[in-house]
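Order of the sequence lines fixes the chain letters, A, B, ..., with proteins taken first and strands second; residue numbering starts at 1 for each chain.
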Amino acid sequence: MVMPGLTLQGVFGVPLGTARLAECQRLNGELEALFLAREDDEHRNPMPSHIPQAETFESRFNLFRWPEPCVQELRKFVLDSVVTTVLQATKLLPADLARLTLHNHTWFHISRQVGSFVAHNHPMASWSAVYCVRAGEPVPAEPESGVLRLFDPRYGAGAYRDAANSQLHPAFALTPLDLRLNEGQVVVFPSYLFHEVTPFYGRDIRITVATNCWFA
Amino acid sequence: MSAPAVHVVPIFATPFGVVTLPEAVTLNSALDTLLSERAPPQWRAARGPGALMFRSREDLGDWPEEPVRRLMSEMLAGVSAVAASISELSEQDFAALRMDARAWFTLVRPDGCVPAKSYANSSWLAVYCVSAPEPSSARVDSGVLRLYESRLGTMFQDPAGSASKLPYRSGHCTWRPVPGEMAVFPAALTHEIALVRASGALILVNARVRFVGSGGAWMPPW
């Protein structure tokens, strides 16, 4: 029996902002060339917070301070995406946000075959974003290759399951969310979300830019 | 100024047991052969993508082969010992519980991994190592069991807090599978087998377990 008049709503929601940079080929080409040219010890993160691996290069966290026009063009797009997400997800007005300084740590990753990044979140930041410079080739036999996986923060909530809570609609599901990023796409999410990049099995390279933001 | 008297205890602690199975280790050679043969022929022959990790059906507990039966018996005894060690039930009451278990095996080849997972309607997960490749000098976490941090209260950190020691330190915990040893932890914990970056396959036998009271209380299907 279906009871009329019942209202169902989502609560405890996790905001996820997505945007796509139109005509991104030129910018991504310039970024890729620049990053590959600087994939060296001088630009490598000297203090990685996780176990470094040969297949994934992580740059220093000062990327958005590089003066190159392509980096500054990307900086504007990514940080505008973060700001827009903040305005939509909070009660702040543009004028409120304008009085704050947006700080960021931003870096790039170049992943080669079997490169991955372990699940982590970003303490002391409020918003994180990942921009896709190059998606890398899809591998049909490994459908989870190189996906950005966001973990449901309601840990343990799925420990009891019966027929009535096993097929929840996506908005209520207690499962990780796999995002296969497209070139030019940016995703913005709360920094508390644990996330990982699964092993990339393509024969080429996967390049992303990640940023953590905090406001003061 | 005298130092204040401080008494600090862990709360909300997560049990993690490591059990050495003395008899099972003598079975590993036979188990290695048997389990490798039971992977589908097309998987055994494959070398490309898609052939990096194999997970069997959850029917290992029904296999009639003696090495498997003996391993199952030892594994369940080990899980029971871990659960009993942190239980407030009397020895007699604990012994009256019935164990339900579902078991399967996993083979992970070089460059393969077991994605993050947790298990519903189960209380414990046991991971027994049949065989493991040598540790990788290039990748310290090659083939480790990684148990995910889940406490979000660590989003704020100061220099003192971020230097906390176990069991208060935030971050993932890892355990390196060693043949003959078994890890036991709550099945709701999200965990993975990290990418194997060494030569040779990692073979694990896994069991998810729950205890059922003698009163016949309802349990959800699993």
Side-chain angles (χ1 to χ4, degrees), chain A residues 49-56 113-126 128 137-145 147 149-166 174-176 178 190-196 198-203 212 214, chain B residues 14 46 48-53 109-123 125 136-142 144 146-159 161-162 170-172 174 186-192 194-197 208 210 218-222:
Chain A
S49 56
H50 299 279
I51 299 167
Q53 51 179 273
E55 301 83 6
T56 297
Q113 200 165 40
V114 303
S116 62
F117 206 91
V118 67
H120 63 286
N121 65 1
H122 298 284
M124 304 302 283
S126 53
S128 298
E137 70 169 357
V139 181
E142 297 286 353
E144 295 183 0
S145 168
V147 301
R149 176 168 293 151
L150 307 178
F151 288 94
D152 191 321
R154 295 164 294 181
Y155 290 97
Y160 171 82
R161 288 206 183 156
D162 62 25
N165 70 354
S166 296
L174 298 166
T175 54
D178 284 0
S191 300
Y192 64 75
L193 267 193
F194 277 92
H195 54 285
E196 69 172 350
T198 60
F200 171 65
Y201 291 108
R203 292 163 299 180
N212 293 329
W214 65 101
Chain B
T14 301
L52 303 175
M53 190 274 283
R109 281 184 174 151
D111 294 344
C113 62
V114 179
K117 181 77 177 161
S118 63
Y119 292 93
N121 300 340
S122 311
S123 52
L125 191 75
S136 165
S137 58
R139 182 78 72 89
V140 297
D141 64 342
S142 172
V144 300
R146 178 178 284 125
L147 301 130
Y148 281 20
E149 169 65 273
S150 59
R151 297 165 294 182
L152 296 177
T154 56
M155 279 298 291
F156 176 80
Q157 291 184 353
D158 63 17
S162 57
S170 64
H172 305 318
T174 60
L189 270 189
T190 301
H191 60 282
E192 67 174 2
L195 203 69
V196 172
R197 296 294 282 150
R208 54 192 181 104
R210 65 187 185 188
W218 180 83
M219 288 291 244
W222 66 341

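Interface remark: A:Ala119 contributes backbone and side-chain atoms alike to the contact with chain B (heavy atom separation under 4.5 Å). Of the atoms belonging to A:Pro153, heavy atoms from both backbone and side chain fall under 4.5 Å from chain B. Only the side chain of A:Phe194 comes within contact range of chain B, judged by heavy atoms closer than 4.5 Å. For a residue to count as touching a neighbouring chain, one of its non-hydrogen atoms must lie under 4.5 Å from one of that chain's; by this rule A:Ala125 touches chain B with the backbone only. Both the backbone and the side chain of A:Tyr192 come within contact range of chain B, each with at least one heavy atom under 4.5 Å from a heavy atom of that chain. Residue A:Thr175 does not touch chain B at all, counting heavy-atom pairs closer than 4.5 Å. Only the side chain of A:Glu144 comes within contact range of chain B, with heavy atoms under 4.5 Å apart. For a residue to count as touching a neighbouring chain, one of its non-hydrogen atoms must lie under 4.5 Å from one of that chain's; by this rule B:Glu149 touches chain A with backbone and side chain alike. Neither the backbone nor the side chain of B:Ser118 comes within contact range of chain A, judged by heavy atoms closer than 4.5 Å.
In this view, A:Asn165 satisfies the side chain to side chain donor-acceptor pair (under 3.5 Å) rule with no residue, not counting sequence neighbours. In this view, A:His195 and A:His120, A:His122 satisfy the side chain to side chain donor-acceptor pair (under 3.5 Å) rule, not counting sequence neighbours.
Side chain to side chain, B:Ser122 and B:Arg208 meet the donor-acceptor criterion of an N or O pair below 3.5 Å. A donor-acceptor contact closer than 3.5 angstrom links the side chains of A:Ser128 and A:Asn212.
Annotation: side chain of B:Asn121 is in contact with side chain of B:Arg210 (closest heavy-atom distance under 4.5 Å).
The six-membered or imidazole ring of A:Tyr155 lies away from that of B:Tyr148, with a centre-to-centre distance of 6.0 Å or more.
In this structure a side-chain-to-backbone donor-acceptor pair under 3.5 Å is missing from A:Thr56 to A:Gln53.
Across B:Tyr119, B:Trp222, B:Phe156, the residue that shares the most heavy-atom pairs under 4.5 angstrom with chain A is B:Phe156.
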